[in-house]
Amino acid sequence: MNAASPSNLTLSIFSAHRGHDTYHRLICSFDWNGYGESKPATYDVLGIFFNKNMADYYGYSQSDENICWLKDSSKFLEGTILFNVNDDKFELITRDGYVSVYVTPKMTGTFVYGGKYVHTYNTTNTTTSGSASVKFSGTGVTGSIGFSVDVTTVETNWEKGTDNATFW
């Protein structure tokens, strides 16, 4: 898997709103187009960032709990929600999914949001598993806190990000 390239992952983020809902959905989708993992590492981490000064956290959802699920919502007041992604489920054929964070607007203006995918992989023939350890620091998008993934001695990672904006 360590030969996998970030070009195997397509990451997109967009917003959606139904007319009768009080909240907006920030949807981060991922599309894997590469080989499956032969020596899986800890779960990948997918984070959604939003400007906490312009919106409040309302909730979340995901496409398939076998592939992605909530990892950490403890920093929702700082505009960052994290999800685990089980990339061991990825196969040669394209595998896709999404995570979504619901937010309620607090003020009008240009609302910026973004996503970051951190892919972990083994550097040896050892298989590791479980949830990756994260540190919250730095910034994601304006008005949010960033995160980084701590890896074990036999792991490393690469990151891929995306961002977008909408006007409320």
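Just so it is clear, the model here is predicted, and its values are computed rather than measured. In this chain, numbering begins with 1 at the start of the sequence shown.
- Using a 4.5 Å cut-off on side-chain heavy atoms (C-beta onward), K106 and K52 make no contact.
- For Y98 and S61, the side-chain atoms include no donor-acceptor pair closer than 3.5 Å.
- In terms of heavy-atom proximity, L82 sits nearest to V134 at CD1-CG2, 3.8 Å.
- With sequence neighbours left out, T166 forms a side chain to side chain contact (heavy atoms under 4.5 Å, CB included) with S15, F111, Y113, W168.
- Here the side chains of T120 and D44 are in contact, with some heavy-atom distance below 4.5 Å.
- Hydrophobic clustering of Ile, Leu, Val, Met, Phe, Trp and Tyr side chains at less than 4.5 Å, counting indirect connections, keeps V141 apart from I48.
- With sequence neighbours left out, the salt bridge (Lys or Arg N to Asp or Glu O under 4.0 Å) criterion links K89 to no other residue.
- Through ILVMFWY side-chain contacts below 4.5 Å, V154 is grouped with nothing and stands alone.
- G143 approaches N51 most closely through the heavy-atom pair CA-OD1, 3.7 Å.
- Classified by interplanar angle (parallel below 30°, tilted 30° to 60°, perpendicular above 60°), the ring pair F76/Y57 is tilted.
- When side chains are defined from C-beta on, T162 does not count as touching Y117, because their heavy atoms never get closer than 4.5 Å.
- The cationic group of K116 lies under 6.0 Å from the six-membered ring centre of F147 and within 45° of the ring axis, placing it in a cation-pi geometry.
- Classified by interplanar angle (parallel below 30°, tilted 30° to 60°, perpendicular above 60°), the ring pair Y102/Y58 is tilted.
- Note on F30 and L70: same hydrophobic cluster, where clusters join Ile, Leu, Val, Met, Phe, Trp and Tyr whose side-chain heavy atoms are under 4.5 Å apart, directly or indirectly.
- For the pair A132 and K71, the tightest heavy-atom approach, listed with the atom from each and the gap, is O-NZ, 2.5 Å.
- With side-chain heavy atoms closer than 4.5 Å counting as contact, directly or through intermediates, the hydrophobic cluster containing Y43 also holds W69.
- Between T123 and T153, the shortest heavy-atom contact is OG1-O, 4.4 Å.
- A heavy-atom distance below 4.5 Å is found between the side chains of T156 and Y121.
- Taking CG of D56 as the start and OH of Y23 as the end, the distance is 15.5 Å to the nearest 0.5 Å.
- Looking at heavy atoms from C-beta onward, V101 lies in side-chain contact with F83 at the 4.5 angstrom threshold.
- Closest approach of D150 to K135, counting heavy atoms only: OD2-CE, 3.3 Å.
- Screening residues 74-84 for salt bridge (charged side-chain N to carboxylate O under 4.0 Å, His left out), with sequence neighbours left out, gives K75-E78.
- Heavy atoms only, all atoms of each residue included: R25 and S100 are closest at CB-OG, 3.7 Å.
- For the pair C28 and L11, the minimum side-chain heavy-atom distance is below 4.5 Å.
- Remark: D163 engages no residue in a salt bridge (Lys or Arg N to Asp or Glu O under 4.0 Å) (not counting sequence neighbours).
- By the 4.5 Å heavy-atom criterion applied to side chains, D31 and S29 are not counted as neighbours.
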